[in-house]
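To start, the structure itself, in structure tokens.
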Amino acid sequence: MAKPSLATTARKLLAARDRGKEAYAEADTHLDTLISQMKPGETIDLGNGETAELHDQFSDRNVVWKPAGVRRFDIKTSRSRG
């Protein structure tokens with residue numbers, strides 16, 4: 001089997017990054033919708049024992065350390081143990 005050229009590999013890498021950017025933009029749109037309709041700490045039943053909570057990452061501190069950009073609000077999911 002022939003190895004892909006470096007140019008082919010680079011094009012695939014760039015295409016994957018573009019798909020990732022599109023996915024993050026879509027996720028941000030959905031998160032904005034949830035933020036506009038929920039309060040921090042509110043939960044949503046996702047079914048099958050899983051819930052999602054609108055989480056304010058700055059609720060108890062002024063600085064949050066992460067390796068990249070930090071959103072004030074995010075969704076945390078959990079699954080019941082049972």
Side-chain angles (χ1 to χ4, degrees):
M1 179 184 262
K3 282 176 39 178
S5 72
L6 293 177
T8 298
T9 302
R11 280 193 294 275
K12 288 180 180 180
L13 179 145
L14 294 171
R17 284 185 180 168
D18 286 343
R19 287 191 307 274
K21 288 177 190 176
E22 291 170 10
Y24 274 105
E26 180 182 351
D28 286 344
T29 298
H30 295 308
L31 182 58
D32 288 343
T33 299
L34 291 173
I35 290 168
S36 72
Q37 297 180 27
M38 296 176 68
K39 294 179 182 167
E42 224 175 306
T43 60
I44 306 165
D45 183 357
L46 301 176
N48 296 324
E50 190 171 17
T51 60
E53 174 190 342
L54 182 61
H55 179 67
D56 181 351
Q57 300 190 98
F58 292 88
S59 64
D60 61 347
R61 58 189 162 257
N62 194 36
V63 176
V64 176
W65 297 99
K66 298 248 178 155
V70 177
R71 289 177 178 80
R72 177 173 180 179
F73 297 104
D74 205 354
I75 292 293
K76 290 172 54 174
T77 59
S78 60
R79 185 173 296 277
S80 63
R81 299 175 189 163

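All values below were derived from every heavy atom in this structure, side-chain atoms included, with hydrogens, water molecules and symmetry-related copies excluded. The first residue in the sequence is number 1, and the count goes up from there.
- Separating the OG1 atom in T29 from the CG atom in L34 is a distance of 11.0 Å, to the nearest 0.5 Å.
- Nearest heavy atoms, E50 versus D45: O-OD1, 3.5 Å.
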Task: side-chain contact (heavy atoms from CB on, under 4.5 Å) between D18 and K21, worked out - done: CA-CA 5 Å; D18 286 343; K21 288 177 190 176; 4.1 Å; yes

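- Interatomic distance, OG1 of T51 versus CD1 of I44, reported as 9.5 Å (0.5 Å rounding).
- Distance check, rounded to the nearest 0.5 Å: CG of L6 to CZ of R11 gives 10.5 Å.
- Taking 4.5 Å as the limit, every side-chain heavy atom of L54 sits out of range of all side-chain heavy atoms of D56.
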